[in-house]
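Comments concern the structure below.
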Amino acid sequence: MTTRRNFLKFTALAGSLFAFSKSKAASLVEESSIAASLPDGKVAKPIVISTWKHGLAANDGAWKILSANGAALDAVEKGVMVTEDDLTNLSVGLGGLPDRDGNVTLDASIMDEKGRCGGVAFLERIKHPISVARMVMEKTPHVLIVGSGAQKFALENGFNLEPKKLTAEAEKAYKDWLKKSDYKPMMNIENHDTIGMVAMDMSGNLSGSCTTSGLAYKINGRVGDSPIIGAGMYVDNEVGAACATGVGETVLRICGSYLVVELMRQGFSPKEACKKAIERLVAKNPNYKEVQVGFLAINKKGEHGAFALQKGFNYALADSTGNTLYDSEYYCK
Ligand code: ASP
């Protein structure tokens, strides 16, 4: 559509990382302010945590499996499928905001307690990228399949080709954006709404999942951290599991989720590990004040933690005591 014009604008602004408002920030701020403060300490298994307010519904889906003594792997797949199914969600699944050329392109990854992992990136017109990622993990010798190849693989394995059509809400937002076709510096906050989920089942096994439509109005073909094992999500069943949300480029630079798990291996608690990863991200990304990133983690003891760059990140925690939204602590005061 307006590719050349957009490209020129982008190149003029290259060097700074910009992003776009793509969520109902106001309502999230309101909900986040009524959430309880961050809990610390040990939580009995099973447990599932996931990013943002949409994590509540996703956790409900995961909890059905975990509470029936199901596997963490099934829980993290089915949990985030709830979010992918929600066409009102502007940042996950086919209801997501498009790239600058009007295409919704999806990224997802999944990893289990055996260290098996799979991902898809730049995938179009498939409703459940997380399930395609699981199929990559289980049915192929590969870890990551992208673009038209990923779509072909999905269709060959029983997924339906959905219509190429933006939802009414996404189309309206896109048309508004096209009026200026311009990036705006993104100060925080709830603009990044990937769902990342990590869970421990009754057997003490860990798994993780991550699925997103990525940054709104990105360059066609851009892939973020979410489908990259070790960036958007990572699991080591001996140590813990972690996932990320936010501006993927900053997370990719530090292999964020892998870093969180490795810090837990060194003995840091999940919250300390998330905090140290954010400090690393700050050190390696001079634009850190303009972006948001949040990490979530669970360790092998069933303890959990979160830490974000900016105020505004929240996460949902479900265990035997219920399913609750919590505000994360953050770096930039
Ligand atoms: N991490 C995602 C990406 O960079 C964006 C998000 O969390 O919304 O694609």
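The analysis underlying the following values was restricted to heavy atoms, covering all of them including side chains, and did not include hydrogens, waters or symmetry mates. Residues take their numbers from the sequence shown, with the count starting at 1. Both counts, for ligands and for their atoms, begin at 1 and track the order of listing.
Checked by atom type, the side-chain pair Arg100/Asn220 shows no donor-acceptor distance below 3.5 Å.
Taking only nitrogen or oxygen atoms, main chain and side chain alike, Asp107 does not reach within less than 3.5 Å of ligand 1. At a 3.5 angstrom cut-off on N or O pairs, Gly246 counts as close to ligand 1. Note: no N/O pair closer than 3.5 Å links Gly224 and ligand 1 by distance alone.
Atom OG1 of Thr250 is separated from atom CD of Gln292 by 9.5 Å, given to the nearest 0.5 angstrom.
Counting heavy atoms under 4.0 Å from ligand 1, residue Ala244 does not touch it at all. Contact annotation: for Arg222 versus ligand 1, heavy atoms closer than 4.0 Å belong to the side chain alone.
Remark: aromatic rings of Phe307 and Phe295 are distant, center separation not under 6.0 Å.
Here the side chain of Asp112 pairs a donor or acceptor atom with the backbone of Arg116 at under 3.5 angstrom.
For ligand 1, the atoms closer than 4.0 angstrom to any heavy atom of Asp225 are 1 (N), 2 (C), 3 (C), 4 (O). Of all atoms in ligand 1, listed by their number and element, those nearer than 4.0 Å to a heavy atom of Ser226 are 1 (N), 2 (C).
Atom CD of Glu238 is surrounded by 12 or fewer heavy atoms from other residues, nucleotides or ligands within 6.0 Å.
Electrostatic pairing of Lys64 and Asp60 does not count as a salt bridge here, judged by no charged N lying under 4.0 Å from a carboxylate O.
No heavy atom of Ser91 sits closer than 4.0 Å to any atom of ligand 1.
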